[in-house]
Amino acid sequence: MCFEHGVLVTGANALFLVAAIVRLRTLRSAPLLPRALVVGSLFWVKLSLAVATLTASVAELIFATFAYSSVCAFTVSMGLQTAAAVAAVRLHYREQLRNRVASTPLLLFWLATVLLTLMRLRTAVSMDLVETQPAAVVANTLFMLAALGTMALECQSKPHCLYQLPDDDKDDVQLKSPEERANVFSRLTFTWMTPLLEQG
């Protein structure tokens, strides 16, 4: 349990915080996308799930503070997890308004979060924390479910019309390559090539 919180959870959240700060600075100079195209029901559901992960993380931090009287690896990791959840909510908002593709730092963060939370839940069950600290286990479970939902929604592509760029020489539009609008998982598995192969 100390290794999980002291190294894995703390390391993943600290790494994401650095990546989020760098990405937020990069997005500052990016042009705004048309709000009517990028702010829809999918965006609000995704943002609501990200806020739900933040709420569950705050609950876990409160339970950790009461369970451990002094600062330890568990409370530090829960504090960093809460800070990372705050950064994720902020980054989701900025990425939606300024980026045409799914955010790589957010996708990798949510994937790592889901995997680490599943590991923490397995440890909680094996150490009988379900009986001794049921509220903390429920908060951990809710955190994992909200993170999984947020990751699934972040994988969804944005409206196709965002990928149309005006051509300088002609009045019509040209489409960007599917690879340019593919998220990190689509690039790793080459699923961005499927539409090209279907067309022949």
Side-chain angles (χ1 to χ4, degrees), residues 2-33 38-39 42-61 64 73-121 139-140 142-158 162-163 176 179-192:
C2 289
F3 178 74
E4 284 177 12
H5 287 281
V7 177
L8 297 178
V9 176
T10 301
N13 288 316
L15 186 63
F16 172 71
L17 281 170
V18 172
I21 290 168
V22 170
R23 185 67 184 143
L24 284 168
R25 287 188 180 199
T26 305
L27 287 173
R28 226 185 258 170
S29 61
L32 283 169
L33 298 172
V38 295
V39 177
L42 184 70
F43 167 67
W44 292 114
V45 171
K46 180 171 55 174
L47 201 61
S48 299
L49 283 172
V51 170
T53 60
L54 174 59
T55 306
S57 185
V58 168
E60 282 189 281
L61 178 60
F74 190 73
T75 54
V76 169
S77 71
M78 290 298 97
L80 273 174
Q81 176 180 284
T82 303
V86 170
V89 171
R90 178 82 173 151
L91 190 56
H92 269 294
Y93 184 79
R94 283 283 179 92
E95 289 276 4
Q96 187 73 19
L97 296 179
R98 296 177 183 266
N99 193 10
R100 295 172 192 262
V101 296
S103 170
T104 299
L106 283 171
L107 285 173
L108 294 177
F109 168 69
W110 290 123
L111 176 64
T113 298
V114 168
L115 294 175
L116 289 172
T117 307
L118 283 172
M119 186 185 306
R120 288 171 43 213
L121 281 172
N140 195 0
L142 292 176
F143 177 78
M144 188 270 301
L145 292 174
L148 185 63
T150 308
M151 183 182 77
L153 291 179
E154 183 64 23
C155 284
Q156 300 299 313
S157 59
K158 293 188 180 178
L162 286 175
Y163 307 120
K176 281 186 167 185
E179 183 183 12
E180 293 179 22
R181 59 180 183 253
N183 66 43
V184 65
F185 299 139
S186 181
R187 286 179 185 222
L188 288 173
T189 58
F190 295 99
T191 54
W192 63 269

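- Between Glu4 atom CD and Arg120 atom CZ the span is 8.0 Å, to the nearest 0.5 Å.
- Scored by the side chain to side chain contact (heavy atoms under 4.5 Å, CB included) test, Leu42 finds Leu153, Gln156 as partners (sequence neighbours excluded).
- Classification of Lys46 and Glu95 as a salt-bridged pair fails, no side-chain N sitting under 4.0 Å from a carboxylate O.
- Arg94 meets the salt bridge (charged side-chain N to carboxylate O under 4.0 Å, His left out) test with no other residue; sequence neighbours excluded.
- Checked against side chain to side chain contact (heavy atoms under 4.5 Å, CB included), Ala73 has no partners two or more places apart in sequence or in another chain.
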Side chain to side chain contact (heavy atoms under 4.5 Å, CB included) between Leu97 and Val39, intermediate numbers included:
CA-CA 8 Å; Leu97 296 179; Val39 177; 3.6 Å; yes
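- Across all non-hydrogen atoms, the minimal contact from Phe16 to Ala87 is CE2-CB, 4.1 Å.
- Annotation: side chain to side chain contact (heavy atoms under 4.5 Å, CB included) contacts of Thr10 (sequence neighbours excluded): Ser77, Leu80.
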Side-chain donor-acceptor distances from residues 105-119 under 3.5 Å, at least two apart:
{"residue": "Trp110", "atom": "NE1", "partner": "His92", "partner atom": "NE2", "Å": "2.9"}
{"residue": "Thr113", "atom": "OG1", "partner": "Phe109", "partner atom": "O", "Å": "2.7"}
{"residue": "Thr117", "atom": "OG1", "partner": "Thr113", "partner atom": "O", "Å": "2.6"}

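- Taking OH of Tyr93 as the start and CG of Leu27 as the end, the distance is 13.0 Å to the nearest 0.5 Å.
- Of all non-hydrogen atoms in Gly149 and Leu49, the two that sit nearest each other are C-CD1, 3.6 Å.
- In this structure, the side chains of Leu32 and Arg98 come closer than 4.5 Å at one or more pairs of heavy atoms.
- A side-chain donor-acceptor contact under 3.5 Å links Glu154 to the backbone of Ser103.
- Residues Ala146 and Thr53 share a closest heavy-atom pair of CB-CG2, 3.3 Å.
- Remark: Thr82 pairs with Ser57 by the side chain to side chain donor-acceptor pair (under 3.5 Å) rule, at least two apart or across chains.
- Side chains of Val58 and Leu54 form a contact here, defined as non-hydrogen atoms less than 4.5 Å apart.
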